[in-house]
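Have a look at the structure below, then the notes.
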Amino acid sequence: MTTRSPEPAPASAPVTWAGANARRLARQRLHPDAAATTSPFAAPGEAVAAMLGAHAQVLSAAELSVGLRGDGLTRMDVRAALWSDRSLVKTFGPRGTVHLLTAADLPLWTGALSAVPTGPNPFPKDARMTPDQVEAVVAAIGEALTGAELTIDELSDEVVARTGPWAGDLVMPGFQVMWPRWRQVLHLAGHRGALAYAPNRGRKATYTNPGCTPLPGVGALPALIERYLYAYGPATPAHFARWLAAPKRWAAEQFAALAGAGAIEEVTFAEEGPAWVVAGDTDFPDAEARGVRLLPYFDAFTIASWPRERLFPGAAYERALAGGQAGNFPVLLVDGVVAGVWHQRRSGRRIAVTVEPLKPLSAPRSRALEEQVERVATIMEGTAELTVGRVTVGPHA
């Protein structure tokens, strides 16, 4: 009796850009087709968790990012979550930039971010700090901010008093001024869970110690990678490295370890080749996204979605990116891809919204755009006036 060898399992079909893009939009409640997604998020924290942090260098942009994913959420709901019930935390997140993160996920975030290796020291030799000095400053920041809300100048005085005059040397280039040496590890203190933003005191930012104990990196990093792949997969280690501002080789090693443990699996991403998803998470929509959406500055979807050439096709790549960097322009999405830019100007409750599509919009899409503008105004608690302009593409755009 002959025994036949088992037939190899058929290779799964490649994941298309349209399918990947539609799934990313749906998981962030941005899919224009309401039938393709579940209900919008009911709380700011749900939206922030789904997008893996809302970029908050400009807080109003973060408020809009969250509101657009929510069910009747306004900017005041985001502010209440941030400053009243403290379910959100404003701190240093991916890429060392200011983000809104959920308080529940802060131990995971700080554990993962603390474990990311740093690259070459970018500062001049006479401005650098030794490893011991770095640890001393981070400890001083955490101690000074425990139970306190301090401005940057007040925090500087405390750090220098607790470490030594060297920490206050004015060797760091700032905005047309020189900052004290210790400021180069401000974001690191956030990544270690020793610092977060507190409510402004007038026009001045203040900081506090959020009382966070980071999870061990050995567990936090794999969890963050899996969350990233759930939100933005299929993705490659290079995509993850760029999103996190981490070394590419290190990211590849993390993916390889997770693949070996069976936590993630490789798929063929039609536009990129081999890419990764969470193990078993291989269902993608057949239809591409349809409809119109407005997204603000540095929205997480535009920053984390790859390949960027497909999200910003043709003239959009030149007009809506700054040297290939996403986020510098609020964007108009048509059928799930960038199809123009927009901007707003506020005066009291009046919000003047100007949208510049790359191509003329059909009547149904124009009506959908009007609805989006009204939604932006509702989230920002104002009254909108829409102007549709003509976008200029070229070196002087």
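Values reported hereafter were calculated over all heavy atoms of this structure, with side chains retained and with hydrogens, waters and symmetry mates removed.
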Could you list the cluster mates of Ile303? Members are the ILVMFWY residues connected by side-chain heavy atoms closer than 4.5 Å, either directly or through other members.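 Grouped by the 4.5 Å side-chain rule, Tyr297, Phe298 form the rest of the cluster around Ile303.
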Can you confirm whether [X] sits close enough to [Y] that some side-chain heavy atom of one is under 4.5 Å from a side-chain heavy atom of the other?
{"X": "Arg310", "Y": "Val337", "answer": "no"}
{"X": "Glu371", "Y": "Arg375", "answer": "no"}
{"X": "Leu186", "Y": "Tyr207", "answer": "yes"}
{"X": "Trp306", "Y": "Arg242", "answer": "yes"}
{"X": "Lys90", "Y": "Val98", "answer": "yes"}
{"X": "Asn200", "Y": "Thr206", "answer": "no"}
{"X": "Pro274", "Y": "Phe269", "answer": "no"}

Does [X] make a cation-pi contact with [Y] (under 6.0 Å, within 45 degrees of the axis)?
{"X": "Arg183", "Y": "Trp179", "result": "yes"}
{"X": "Arg128", "Y": "Phe123", "result": "no"}
{"X": "Arg319", "Y": "Phe329", "result": "yes"}
{"X": "Arg308", "Y": "Tyr317", "result": "no"}

Could you tell me whether [X] and [Y] make a salt bridge, using a distance below 4.0 angstrom between a side-chain N and a carboxylate O?
{"X": "Arg75", "Y": "Glu381", "result": "yes"}
{"X": "Glu158", "Y": "Arg162", "result": "yes"}
{"X": "Asp126", "Y": "Arg181", "result": "no"}
{"X": "Glu149", "Y": "Arg201", "result": "no"}

Step through the shown structure and confirm whether more than 12 heavy atoms of other residues, nucleotides or ligands are within 6.0 Å of CZ on Arg249.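 Not more than 12 within 6.0 Å, no.
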Side-chain donor-acceptor pair present, [X], [Y], cut-off under 3.5 Å:
{"X": "His99", "Y": "Gln57", "answer": "no"}
{"X": "Asp132", "Y": "Thr130", "answer": "no"}
{"X": "Trp182", "Y": "Ser156", "answer": "yes"}
{"X": "Gln28", "Y": "Tyr232", "answer": "yes"}

Any link between Leu106 and Leu100 through a network of hydrophobic side chains (Ile, Leu, Val, Met, Phe, Trp, Tyr) touching at under 4.5 Å?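 Leu106 clusters together with Leu100.
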Path from Trp243 to Phe312 over hydrophobic side-chain contacts below 4.5 Å: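 They do not share one cluster, since no chain of ILVMFWY contacts under 4.5 Å joins Trp243 to Phe312.
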[atom2] on [Y] to [atom1] on [X], rounded to 0.5 Å:
{"X": "Trp109", "Y": "Thr91", "atom1": "CH2", "atom2": "OG1", "answer": "11.0 Å"}
{"X": "Thr387", "Y": "Glu385", "atom1": "OG1", "atom2": "CD", "answer": "7.5 Å"}
{"X": "Ile379", "Y": "Met76", "atom1": "CD1", "atom2": "CE", "answer": "14.5 Å"}
{"X": "Leu332", "Y": "Trp342", "atom1": "CG", "atom2": "CH2", "answer": "10.0 Å"}
{"X": "Ser60", "Y": "Met380", "atom1": "OG", "atom2": "CE", "answer": "5.0 Å"}
{"X": "Asp299", "Y": "Arg293", "atom1": "CG", "atom2": "CZ", "answer": "11.5 Å"}

Closest contact, heavy atoms only, Pro199 versus Trp83: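 It is N-CZ3, 3.4 Å.
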What are the two closest heavy atoms between Glu226 and Ile264, and how far apart are they?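 Where Glu226 meets Ile264 most closely, the heavy atoms are CG-CG2, 4.5 Å.
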For the pair Asn21 (side chain) and Gly336 (backbone), establish whether a donor and an acceptor sit closer than 3.5 Å, ignoring hydrogens and angles.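 Yes, because the side chain of Asn21 sits within donor-acceptor range (under 3.5 Å) of the backbone of Gly336.
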Any sub-3.5 Å donor-acceptor pair from Thr208's side-chain atoms to Ala148's backbone N or O?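 Between the backbone of Ala148 and the side chain of Thr208 there is a qualifying donor-acceptor contact (under 3.5 Å).
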